[in-house]
Amino acid sequence: MASLDRIRTDGFRRWYERQLIDCHAWLVSWFLSVIALASGVEVSAASAGWRLSGALLVLGGSVLAFYSWKRYRVLLDIAERLGAQATCPACRAYAKFSVQSSGPAPLPDGGDPTLENHGGGIWLRARCRKCGEEWVLR
Ligand SMILES: [Zn+2]
């Protein structure tokens, strides 16, 4: 949630850019952990003396790969979901809005189940800086 507060302070474009950098860092982490996992398989197959080290590499690589992939998908899902709604419905200006209110709680008319599973129903009430139109991103 602290990441979403940056939309209010830094603007949507900077937040979106930062979100994509963060999620792709998790993708790099996933890739490196898969390499560690494969190395663990190779090391444990090479000799019996290295079997424990190989098993630890496989275990650590598996756990890190799972967590990294999950973080990558969550951050990318949120960025793409909000990015797709960042265009003003009245004047079509992209990412030129100020955040009027936001919340982790679901909106009264229901939230997006995908986002609710990843952080409690993220929503932002936005006001266009060009035309004053208000809409909700969720
Ligand atoms: Zn507008």
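The model shown is predicted, which means the values in this text are computed figures rather than measured ones. Along the sequence shown, residues are numbered consecutively beginning with 1. Keep in mind that the numbers below use all heavy atoms, side chains included, and drop hydrogens, waters and symmetry copies. Numbering of ligands and ligand atoms starts at 1, following listing order.
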Quiz item: Between atom CH2 of Trp135 and atom CZ of Arg125, what is the distance when rounded to the nearest 0.5 Å?
Solution: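 Output value for this atom pair is 11.5 Å.
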Practice problem: Mind checking the CD1-CG spacing from Ile7 to Leu124? Nearest 0.5 Å is all I need. | Solution: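 That separation rounds to 5.0 Å.
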Quiz item: So, do Arg73 and Trp26 sit near enough that their side-chain heavy atoms are less than 4.5 Å apart?
Solution: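 With C-beta onward as the side chain, the pair stays apart.
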Quiz item: At distances under 2.8 Å, what protein N, O or S atoms surround the Zn ion (ligand 1)?
Solution: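 Sorted hits: Cys88 SG, Cys91 SG, Cys128 SG, Cys131 SG.
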Practice problem: Using a cut-off of 6.0 Å, state whether more than 12 heavy atoms not belonging to Glu42 lie near its atom CD. | Solution: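 Count not over threshold, so no.
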Practice problem: Assess whether atom CH2 of Trp50 is packed by more than 12 heavy atoms of other residues, nucleotides or ligands within 6.0 Å. | Solution: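 For Trp50, atom CH2 is not crowded (no more than 12 foreign heavy atoms under 6.0 Å).
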Quiz item: Any idea which heavy atoms bring Arg8 and Ser102 closest together, and the distance?
Solution: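 Taking Arg8 first and Ser102 second, the nearest heavy atoms are NH2-OG, 3.0 Å.
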